[in-house]
Structure formats: structure tokens, C-alpha cells
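Proteins come first, then strands; the chains are lettered A, B, ... in the order of their sequence lines, and each starts at number 1.
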There are 2 protein chains.
Amino acid sequence: MRLSRYFLPILKETPKEAEIVSHRLMLRAGMMRQQSAGIYSWLPLGLKVLDKVGRIVREEQNRSGAIEILMPTIQSADLWRESGRYDDYGKEMLRITDRHEREMLFGPTNEEMITDIFRSYVRSYRDLPRNLYHIQWKFRDEVRPRFGVMRGREFLMKDAYSFDVDQEGARRAYNRMFVAYLRTFERLGLKAIPMKADSGPIGGDMTHEFIVLASTGESAVFLDRELLETPVPGADVDFESDLSPIVADWTAKYAATEEMHDEAAFAELPANRQVTRAASRSATSSISAPSIPSRWARRSPAPTASSARCTWAPTASACRASSRP
Amino acid sequence: MRLSRYFLPILKETPKEAEIVSHRLMLRAGMMRQQSAGIYSWLPLGLKVLDKVGRIVREEQNRSGAIEILMPTIQSADLWRESGRYDDYGKEMLRITDRHEREMLFGPTNEEMITDIFRSYVRSYRDLPRNLYHIQWKFRDEVRPRFGVMRGREFLMKDAYSFDVDQEGARRAYNRMFVAYLRTFERLGLKAIPMKADSGPIGGDMTHEFIVLASTGESAVFLDRELLETPVPGADVDFESDLSPIVADWTAKYAATEEMHDEAAFAELPANRQVTRAASRSATSSISAPSIPSRWARRSPAPTASSARCTWAPTASACRASSRP
């Protein structure tokens, strides 16, 4: 298509409302346009980029053995009451009442719905493990959306959920997601360092945020210089093999955000390996390996009535991997 | 991927709630799953089909010269107040209040938003014509959603909107969409017949519904047998050329739904050309060529202050083509 027939509404002036350079450049290049606070239209050039990012994410998820599905944006409040998170979630959840006065919500995440889908299907331990992911619009009603599409209210998120036979299986699923994330960021041309993080409402003892180093980043991270040279697994990595050495290689070395920073531990590194870098916290991706809260497991009317036939309910773990572009 | 590792939750029993065969088969084949009334998850096999349909739709839209963008699902109520349709739309519109008490809604369609985008960009008649489309989830809160994904509340819709210099240009844009639709249905393996239709809230004097003939269809249509043999333009059709002979060929012959049926006109056809067939009205696609309501044009703060420089506001037409899969 000729440029003269394309739709490329570039801006000549630098928009005042944009605080960070990526936001300014995306507006100037006619990639997107704000419709409401934290809600954007993707114009043709921006959509091409978004689609390309999505394609890379899909290829790496599929390579790791995850299976794509697509859950709807609108969910029933009842599902969230069953898990006990409906009242906990607070004002970030966009709550909706439909014409029949049923309480609905625009999904901020999908743990409840995926578990509802999976429990209606699983019949035996032979149906495990499975890792299901989807790429769908989410809504989180943040008080102060900012940084353009980096921290919008309506945003496209890839979230994957694994169901495993036991804790060891969940750990293997976690490692596969870990490697898939390393590869995804590498292909996107970003230097992302996995750092231990707080799991937040997801729970669990193992959570990493993949933090992108960027000179324009608004916060500081502290890391061992060797992490900058640690190789990312190639396209030939075998996801059936034991990936724990790769994960150990990336997680044994020091790397921390400001909140998690331990000055004493950092000081133990040789001086020439102590690196402080700017990083973009607005675009973090995290994976966590929680056990499903026992109250959810207990209350789930799993169709597999015999717990002897199915070890899923008491031991299932979910690996949630989310990436906010 | 091995079938034993795939996620294919087939049903052995025929689900009672499914009234039509496509709904029953999609459930049994594990293609989708209902989450709430009229709201579905697409399971891996169903998502593959949905993606393939989307790919064909995109290819034919692009071939016709339309440009893809992506507008958000959540819209501001203010935009709809400006066009005067906020109160008109009734209970089908899912209305939402955010944490700052701002009135929002889940878009049932995008005339308002696309016009808002376009008016902020258009500077001159040289920026015309443009046809922008997107494929995005819509929500229409129907009283009685039915037929599975054929008539859901949350559904994926392709909608295109053309902006033209004058009525004649709008007609040419209409013809391009008409041919793109013929080709799209042909590639999907469906026999779709364009029939004159009521334009509904879109307005305008020219609207066609593309009605799919299907032995399982729930309503009857009446048509000239010659339409069944009218050739669909090939992939080499030149969208820059005058397409009106093709459109005339398809629209001159008799074809009507039950509501629009004219028994006398039908009777004038030779008996062997009078065909009555079952058709699926649940999955109709329509294109219409309305003028933008004058109140919208008047109230639009178009950035092109001088109407001499830009003939857009008073004469713009929108071609809306929607397809509910």
C-alpha cells in the first residue's frame, strides 16, 4: 500500500501529557491514540508492532508446550465469590451489572475461570500436566494510569496456567515458563533479568519478575555483572529435558529491585561485578508457582468425585505467567 | 503436539441446552464452553477455527484497500452523548461506572469512536477516502442469547468504516466492501446471498444483509435461481476498477427475507427460477451506506475549521460492515 493511502496520523509537536520517551514517540509516530484515561486505540503502525509481539509470545509459548485457548473478557462475579477473591480485589476490578441484574466483571486475570474450565474436564491424573494460556484484553481500574500503553487500564495480557500432578511437576512447568520468558525477551531485543519478587495476591513461594533494563527506566535495579553475559537458551532448547540447571544459572546470582535490595549481600560481590542499572518497572512480567488456595480446592465441585482417581484437587498448582506490554 | 497432550474436552453426550446442530457439534467436539449466558471460552480446537476465519476476513479486507486498526472494548459514554445515541441504545448496551464515577460502556459498535479518531486526523480532502476496520470483541446484552456462539452476548465482530469525499465516493467504497464480502464467504465455503435489508439504527438508504443458505437455517428466504450460479469475483478482481457491474449483477435479481418478501414480484419470475431456501439469520453480515447524521457533523469539533479546505464533515459517509460469526 502506498504511504499516501495509509493511515498514519503523525504528530508534529511533542505531546505534553507524555512523561516518558516511549509514550512520546509512539504518539508522534501515529502508533496509538488515547481514548480515555488508560484506554488506547492501536493505529495501523502500532497494531503491526502489537501483532508482531503477540506472534513471538505465541511461538515461544507453543514451543514450551503450552496450549492456546481464549477466554472471554466478561466474567461472572459468582466464580470470584467461590474463590473468595471477589471482595478482596478492591476497586481495581471493574464491576458490571447486566440487564438481568446479574453481577459481572471485566476480567483483571483468569485464575478462577481457567480453574472452572479445567475442573470440568479433568478426569484422571493422566489428564495432567497441562499448561493453558491465552492472550486477551484485561481491565484493571488503576487510580492513575500512566506511561501510555505501558500502564494502561485496558491492556493485552498473556497469561498461562499450568495444572500438575504434584509440586515437583509444578516446578518443572515453572522452569519451562522461565525459559520461554528468557527466549521471548531475547527475541524482542530486550535485556530482561529475572528477579525474585513478591507474589502478591497470587500467593506461593516462588515468583520472579522479568525486569527489562532500559536507560529510560524509572527505577534502579542491582545485579551481578555476570547476569548480563549469561546466555539465553537457543531455539533448540529441549523443553522435555531437565531445565533446572538453566534456571539455577539465572537465579543463583544476585539481582534485586530497590524494594528487595540487600545491601550487605550485594557488597559481597567483587566490586567490578556490582552493577546498578535503570530498569522499567512498568512493564514487568512475572511467573509464580503457588499452590491453589485450599479453600478453592475444597469448595470446587470437581466432577471427579473420587479423589483416589484424581489427585488434582489437593495438589494442583498453577503457574501464572503474565506479561503486560 | 500429540493428541494425548492436547486439551480437547469432547463430550460423549449431546448437550440438552443446544438447540441447533452447529451448537451441539461445537460443544461435543470440545471447541468451546459456555461461561455465562451468551459468553463463551474458545477451547484450542475452536480457537484454531476462529483464527482461521479471522485470517480470511483480514486478507479480503486488506485486498479491498481497507486498513486495520484496533479500538478498545471500553468506551466513554460522553462520545455516545455527543452523537445522541447514548440514550437511544437501550438495554442492549452494557453500561459501566468506573472507580472515579465516570460513565463508560462496553462497545456494541464503533461509529462514534472511529469518527472521533478520524476527525482528529483529517486535514484535507486529500486525506480521503480511507476505510478503517478492526476485529474486536463487542458486547450486546441481548435478552435471550441463543444458538451458542452464533448469537452470543460477547462476540468477535469485524467492523469497517469508510470516510469519503462525497456520495459517489461512498458508493464506490460500498461496492468494494460488497465484493470483499462475496469473496470472504466464498472462501469460507458458505453460499451467502446479499439481500436488501433494513438499515436499523445505522440509517442510510442502502443496506444489504449477506444471508447464508443453510439447510439447518431457522428462517426462509426467497430468491431467483440465477443467483445460485452468479460467479463470485476471483482473487484477481481489481478493487481500483468500477465494481458497480458486479454489484448490479448481484442486486438486480430477486432475493428477499420473509420480512421483505414481495409475493407479487416473486411470482413474476419464471416458475423454475423461483427458489425458497432455508437460511441462517443468526449469522448475518450487513453493509450500509448512511450519511453521518447531521447533528453529529454539526456538533463535531472537526479540527479542520474551514469547510472550504475540507469537505469531510458535511458529506462524509460511513460504510459499516459487520459480521457476527
Side-chain angles (χ1 to χ4, degrees), chain A residues 1 4-7 9 30 33 35-37 39-44 46-48 50-51 62 65 67-76 78-79 91-92 94-100 102 104 106 113-114 116-118 120-121 126-127 129-130 132 134 136-137 139 141-143 152-154, chain B residues 1 4-7 9 30 33 35-37 39-44 46-48 50-51 62 65 67-76 78-79 91-92 94-100 102 104 106 113-114 116-118 120-121 126-127 129-130 132 134 136-137 139 141-143 152-154:
Chain A
M1 174 170 287
S4 62
R5 301 242 184 133
Y6 201 56
F7 185 69
R33 179 172 190 276
Q35 300 299 147
S36 305
I39 302 180
Y40 292 84
S41 284
W42 291 81
L43 303 180
L47 181 57
K48 275 188 193 299
L50 185 68
D51 283 346
N62 295 345
I67 302 171
E68 187 173 8
I69 66 168
L70 184 55
M71 291 175 270
T73 64
I74 301 295
Q75 307 183 12
S76 153
D78 288 342
L79 259 183
K91 290 197 158 190
E92 262 200 19
L94 193 67
R95 292 158 210 259
I96 304 169
T97 306
D98 77 4
R99 70 187 298 164
H100 295 299
R102 280 177 297 220
M104 316 291 285
F106 197 121
M113 191 178 280
I114 192 74
D116 180 51
I117 291 171
F118 201 74
S120 75
Y121 155 74
R126 285 186 301 266
D127 294 329
R130 287 296 184 280
L132 304 175
H134 79 155
Q136 178 60 291
W137 295 93
F139 201 97
D141 201 357
E142 309 211 3
V143 183
R153 292 196 293 167
E154 182 171 332
Chain B
M1 173 169 290
S4 62
R5 301 240 184 134
Y6 201 56
F7 185 69
R33 179 173 189 276
Q35 300 298 146
S36 305
I39 302 180
Y40 291 85
S41 284
W42 292 80
L43 302 180
L47 181 58
K48 275 189 194 296
L50 185 67
D51 283 346
N62 295 345
I67 303 171
E68 187 173 8
I69 66 168
L70 184 55
M71 291 176 271
T73 63
I74 301 296
Q75 307 184 13
S76 154
D78 288 343
L79 259 183
K91 289 196 159 192
E92 263 201 19
L94 193 66
R95 292 159 212 255
I96 304 170
T97 306
D98 77 5
R99 70 186 298 164
H100 296 299
R102 281 177 298 219
M104 316 291 287
F106 197 122
M113 191 178 279
I114 192 72
D116 181 52
I117 292 171
F118 201 75
S120 75
Y121 155 74
R126 285 187 303 265
D127 295 328
R130 286 294 183 284
L132 304 176
H134 78 154
Q136 177 61 292
W137 295 92
F139 200 97
D141 201 357
E142 308 210 3
V143 183
R153 293 197 293 165
E154 182 171 332

Any salt bridge linking B:Arg33 with A:Asp116? Criterion: basic side-chain nitrogen under 4.0 Å from a carboxylate oxygen. yes

Interface moiety of [X] toward chain B, non-hydrogen atoms closer than 4.5 Å:
X: A:Leu132; answer: side chain
X: A:Leu47; answer: side chain
X: A:Tyr40; answer: backbone
X: A:Ile67; answer: side chain

So what's closer than 4.5 Å to chain A heavy atoms on [X]: side chain, backbone, both or neither?
X: B:Leu70; result: both
X: B:Glu92; result: both
X: B:Arg102; result: side chain
X: B:Glu154; result: side chain

My understanding is that only residues two or more places apart in sequence, or in another chain, count here; which of them pass ring pair (Phe, Tyr, Trp, His ring centres under 6.0 Å) with A:Phe106? A:Phe139, B:Phe106

Sequence-distant partners of B:Arg99, salt bridge (Lys or Arg N to Asp or Glu O under 4.0 Å), two or more places apart: none

Side chains of B:Ser120 and A:Pro9, heavy atoms from C-beta outward: is any pair under 4.5 Å? no

Quick check against the 3.5 Å criterion: does B:His100 have a side-chain atom that pairs as donor or acceptor with the backbone of A:Val143? yes

Residue pair [X] / [Y]: nearest heavy atoms and the distance that separates them:
X: B:Arg130; Y: A:Tyr6; value: NE-O, 2.9 Å
X: A:Met113; Y: B:Ser41; value: SD-OG, 4.0 Å
X: B:Ile74; Y: A:Ile39; value: O-CG2, 3.6 Å

Partner chain A: residue of B:Thr97, B:Leu43, B:Asp98, B:Asn62 with the largest heavy-atom pair count (under 4.5 Å): B:Asp98

Pair A:Ser36-B:Gln75, side-chain donor/acceptor within less than 3.5 Å: no

Can B:Gln35 and A:Ser76 be counted as having a side-chain donor-acceptor contact under 3.5 angstrom? no

